[in-house]
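Okay, so here's the structure we're looking at.
Atoms within a ligand are numbered from 1 in the order they appear, just like the ligands themselves.
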Amino acid sequence: MGLIIFLNGEFVPEERAVVSVFDHGLLYGDGVFEGIRAYYGRVFKLGDHLDRLYESARTIMLQIPLSKAEMQEVVLETLRRNNQRDAYIRLVVSRGAGDLGLDPQKCPRPTIFCITATIQLYPDELYEKGLEVITVSTRRNIAEACNPRVKSLNYLNNIYAKIEANLAGVPEAILLNAEGYVAEATGDNIFIVKNGVLITPPAYAGILEGITRNTIMEIARRKGIPVEEKLFTLHDVYIADECFMTGTAAEAIPTVKVDGRLIGNGRPGEMTWELIKAFRELTKVDGPLIYPGEAAAACSCNCGCSCRGE
Ligand code: PMP
């Protein structure tokens, strides 16, 4: 059965969820979006995702005609219409339809849509074995041009890098910033572990400040693990004890080979696994309930599946 999509105030079957060919989101990548996850009947970190969506919109001067509370209800109601408790959610606000010129002032009404579907970025065995990645020649956009902190519909920079990864036959790629420091991956943030310290590039390195990234840092700090946001180079990655990537779709995934160098002993690291497990636990209890009044039962087998105790 097809999905029900929220589109501009209506819930419509997916075959009727169509936007104008004059939409500047399509013509120019002019718009903002979020990728969000629902687990166990709750929308994980929904408040943080909405904050980032509205911050991205503010920077591109896109007035979202819904309050955050209304947007939250859009997400929850779309999940309910599809009877979903676990989902990958794509929330998009584009500039809307205008003329064929660039001018956003010619677009009177933003287009808003919400898709609640599923996603599996990597097979389960890759979480056990760890990823192999390469560094690509494409550099991350500089903040003065197209700021990576804005989650805009303009992902060509990342797609260039993804094409390089595809050509090399690896599933993810590391991008450096214009100064040559490690920035992030095509759709994930990067972490390394060295001598018990968890290290990730700071927001000003030219990254999207990932919500999974921030959650992982929060979990680590709560566990008493020292966390540093600092610039580092590929040399630091090659000599790290552990490395992993984080993102809403990927969650946290061990990374065991970079540019042909084994990281640590070439197997997913201990701290990486400790953080992944804690992250998965948090997904059971964080975020607003899709069905208010329903106590979102964690799975009875405690394996992190979505059996909901049934
Ligand atoms: N960096 C980029 C470029 C991304 O597109 C994403 C999201 N897919 C991330 C990092 C991770 O962000 P989050 O944890 O909020 O999904």
Side-chain angles (χ1 to χ4, degrees), residues 29 31-39 43-57 59-60 75 87-92 115-122 127 131 133 135-136 138-143 145-165 171-178 181-192 198 200-220 227 229 243-253 255 272 275-276 278-280 282-283 286-287:
V32 293
F33 77 102
E34 281 297 318
I36 312 168
R37 284 285 281 273
Y39 297 94
V43 185
F44 189 62
K45 299 283 173 194
L46 180 56
D48 292 353
H49 283 283
L50 292 175
D51 287 347
R52 189 171 65 182
L53 181 76
Y54 282 72
E55 285 176 6
S56 295
T59 288
I60 72 160
V75 172
Y88 178 79
I89 302 152
R90 178 56 57 88
L91 184 57
V92 179
I115 307 168
T116 56
T118 53
I119 197 168
Q120 187 178 23
L121 223 52
Y122 304 117
Y127 287 83
L131 283 183
V133 305
T135 307
V136 291
T138 302
R139 296 292 175 106
R140 195 69 176 101
N141 282 331
I142 56 169
C146 200
N147 196 326
R149 290 182 70 189
V150 174
K151 196 163 171 65
S152 83
L153 292 177
N154 204 313
Y155 254 54
L156 208 45
N157 181 219
N158 315 60
I159 291 166
Y160 278 154
K162 188 77 183 173
I163 289 168
E164 289 191 70
E172 222 346 330
I174 295 173
L175 292 99
L176 307 180
N177 66 16
Y181 292 106
V182 172
E184 60 178 338
T186 67
D188 294 315
N189 292 111
I190 183 168
F191 282 85
I192 56 172
L198 184 66
T200 197
Y204 64 82
I207 62 167
L208 180 75
E209 237 182 306
I211 286 159
T212 320
R213 165 191 182 271
N214 293 348
T215 305
I216 288 284
M217 287 198 292
E218 212 178 280
I219 291 171
V227 179
E229 289 178 76
C243 178
F244 62 93
M245 308 284 173
T246 63
T248 296
E251 301 178 322
I253 182 156
T255 303
T272 301
L275 293 170
I276 291 175
F279 178 85
R280 288 182 178 167
L282 195 60
T283 62
D286 180 280

Does an N or O anywhere in [X] fall below 3.5 Å from an N or O of ligand 1?
X: Gly35; result: no
X: Thr186; result: no
X: His49; result: no
X: Thr212; result: yes
X: Gly187; result: yes
X: Glu184; result: yes

Shortest heavy-atom approach to atom 7 (C) of ligand 1 - which of Arg149, Glu34, Lys151, Arg140: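 That would be Lys151.
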Protein heavy-atom partner closest to [atom] - residue, atom, separation in Å:
atom: atom 11 (C) of ligand 1; value: Asn189 OD1, 3.6 Å
atom: atom 12 (O) of ligand 1; value: Gly210 CA, 3.3 Å
atom: atom 5 (O) of ligand 1; value: Tyr155 OH, 2.5 Å
atom: atom 16 (O) of ligand 1; value: Thr248 OG1, 2.6 Å

Distance in Å, Cys243 SG paired with Ile174 CD1, rounded so as to fall on 0.5 Å steps: 5.5 Å
Ionic contact status for Lys45 with Glu34, cut-off 4.0 Å: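 Not counted as a salt bridge, because no side-chain N and carboxylate O are separated by less than 4.0 Å.
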N-O pairing of Arg149 and Glu55 below 4.0 Å: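 No, this pair does not count.
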Minimum heavy-atom distance Leu175-Thr138, with the two atoms named: CD2-O, 3.6 Å
I need the atoms of ligand 1 closer than 4.0 Å to a non-hydrogen atom of [X], numbered in the order shown.
X: Ile211; value: 13 (P), 14 (O), 15 (O)
X: Asn158; value: 3 (C)
X: Gly247; value: 11 (C), 14 (O), 16 (O)

Side chain proximity check, Leu198 to Leu275, heavy atoms < 4.5 angstrom: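 Yes, at least one pair of side-chain atoms sits under 4.5 Å.
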Phe191 side chain near Met217 side chain, heavy-atom distance below 4.5 Å: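 Yes, their side chains come closer than 4.5 Å.
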Aromatic plane relationship, Phe279 with Phe44 - under 30° parallel, 30 to 60° tilted, over 60° perpendicular: perpendicular
Over 12 foreign heavy atoms within 6.0 Å of OH, Tyr181: no
Within 6.0 Å of OH in Tyr160, more than 12 heavy atoms from elsewhere: no
